[in-house]
Amino acid sequence: MMPAARESLLDAAYTALARRPWSAVRMVDVAAVAGVSRQTLYNEFGSKEGLARALVRREADGYLAGIERALAAHADARERLTATAEWTASAARENVLVRAMLTGCWSERLPAPTLTAVPSSSAVPAQRRADGPLPSPGDFVAIVRDRAVAALSGPGAGKPETVELARSCELAVRIALSCVSAPPGEGGVGELVRGALPLPDSTTGWSRSRDGTLPGV
């Protein structure tokens, strides 16, 4: 099956999930909306559980692609982390699967695939990947933190600077996740992140907090 056809099936599954609980989503209906046979659907995903895993995997990949865009959106390091936090909060607000993945709270309306890998005999590479491990909330924190460090660390940065940068990156992610569970007031997640992160320093680029001390000290 062409990748575009697989995406159409996943789009149909996501639309069905928006209308009814996952337990009430029928494979035959997903296939019909995508314009393929039910057998084609089963050939691609193997089972309804396989479809659920593929859907969750796609939404996870979409969230992380948004993280990459946010990290490339500004020249200023603090604004790049602010954009990352704002994307995290907005993605979780608008996408129920992203929210569930980031918080670990799967409602009865949603599929709840195991995070550990499942046996896979699929001939479809994308499905074999979906049948592999799925990220936990802690995994997402680490992935986003590490991608942010890679995007923001300058050439020749020493270990102390990298450690402090990693702390700032993780702080931004965790502030965003707290705003997913308890939405912030006026100013939103961006104002919270800007207030918590250190200000860029003219000599190191990222080392000093508002009172002149090193972040985390």
Side-chain angles (χ1 to χ4, degrees), residues 14 18 56-107 109-110 112 115 134-154 157-217:
Y14 188 85
V56 170
R57 180 74 264 179
R58 185 185 72 162
E59 300 312 309
D61 290 345
Y63 164 68
L64 293 173
I67 291 294
E68 298 289 350
R69 291 192 297 271
L71 288 170
H74 301 276
D76 178 76
R78 189 167 59 159
E79 287 306 308
R80 291 161 84 177
L81 285 182
T82 299
T84 298
E86 290 175 333
W87 163 251
T88 294
S90 66
R93 183 172 59 250
E94 297 168 6
N95 188 314
V96 292
L97 290 177
V98 171
R99 182 184 182 92
M101 285 185 284
L102 292 178
T103 62
C105 298
W106 297 81
S107 76
R109 289 186 56 86
L110 301 178
L115 298 183
L134 296 172
S136 68
D139 292 333
F140 276 112
V141 170
I143 291 169
V144 175
R145 179 200 64 211
D146 293 347
R147 291 190 182 189
V149 169
L152 300 178
S153 58
K159 184 175 180 179
E161 291 81 4
T162 301
V163 169
E164 296 301 334
L165 174 59
R167 288 177 180 172
S168 293
C169 293
E170 183 163 334
L171 175 62
V173 178
R174 291 190 179 278
I175 289 174
L177 292 179
S178 73
C179 292
V180 170
S181 299
E186 185 177 353
V189 62
E191 183 174 296
L192 292 175
V193 172
R194 291 186 186 96
L197 290 180
L199 291 168
D201 183 84
S202 60
T203 56
T204 64
W206 187 272
S207 65
R208 300 285 169 182
S209 56
R210 291 181 180 276
D211 63 0
T213 60
L214 287 171
V217 175

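This one's a predicted model, so the numbers in the text were calculated from it and none came from an experiment.
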query = Listed by chain and number, what are the side chain to side chain donor-acceptor pair (under 3.5 Å) partners of S136, not counting sequence neighbours?
reply = D139
ask   = Is there a side-chain contact between L165 and C169, using heavy atoms and a 4.5 Å cut-off?
value = yes
ask   = What closest approach, in Å, do L102 and A92 show between heavy atoms, and which atom pair accounts for it?
value = CD1-CB, 4.2 Å
task = Mind jotting down which residue pairs meet the side chain to side chain donor-acceptor pair (under 3.5 Å) criterion with at least one end in residues 97-106? Sequence neighbours excluded, please.
result = none
task = Can you see which heavy atom on L81 is nearest to which on A148, and at what distance?
result = CD2-CB, 3.8 Å
request  = Nearest 0.5 Å please: distance from the OG1 atom of T84 over to the CG atom of L71.
outcome  = 3.5 Å
Please list every donor-acceptor pair under 3.5 Å in which a side-chain atom of residues 59-66 meets a protein atom from a residue at least two apart or in another chain.
unit_1, atom_1, unit_2, atom_2, d
E59, OE1, N95, ND2, 2.7
D61, OD1, R57, NE, 3.3
D61, OD1, R57, NH2, 3.1
D61, OD1, R129, NH2, 3.1
D61, OD2, R129, NH1, 2.6
Y63, OH, T88, OG1, 2.8

inquiry  = Please report the interatomic distance CG(L152) to CZ(R78), rounded to the nearest 0.5 Å.
reply    = 13.0 Å
request  = List for me each residue that meets side chain to side chain donor-acceptor pair (under 3.5 Å) alongside E68, sequence neighbours excluded, and say none if there are none.
outcome  = R147
Separation between CG of L171 and CZ of R145, rounded to the nearest 0.5 Å = 12.5 Å
key: Heavy-atom side-chain contact between Y14 and L97 under 4.5 Å   = yes
query = Quick one: side-chain contact (heavy atoms from CB on, under 4.5 Å) partners of A85, sequence neighbours excluded?
reply = A176, V189, V193
message = Let's go through E164 and R167 carefully: what are the C-alpha distance in whole Å and the side-chain angles of both, what is the deciding distance for salt bridge (Lys or Arg N to Asp or Glu O under 4.0 Å) to 0.1 Å, and is it a yes or a no?
response = CA-CA 5 Å; E164 296 301 334; R167 288 177 180 172; 3.2 Å; yes
inquiry  = My understanding is that only residues two or more places apart in sequence, or in another chain, count here; which of them pass side chain to side chain donor-acceptor pair (under 3.5 Å) with R80?
reply    = none
Pairs under 3.5 angstrom only: tabulate donor-acceptor contacts from the side chains of residues 178-188 to other protein residues two or more places apart or in another chain.
unit_1, atom_1, unit_2, atom_2, d
S178, OG, I175, O, 2.6

Heavy-atom closest contact (A166 atom, V149 atom, distance) = CA-CG2, 3.6 Å
remark   = Contacts of R174 meeting side chain to side chain donor-acceptor pair (under 3.5 Å) (sequence neighbours excluded), chain-then-number -> E170
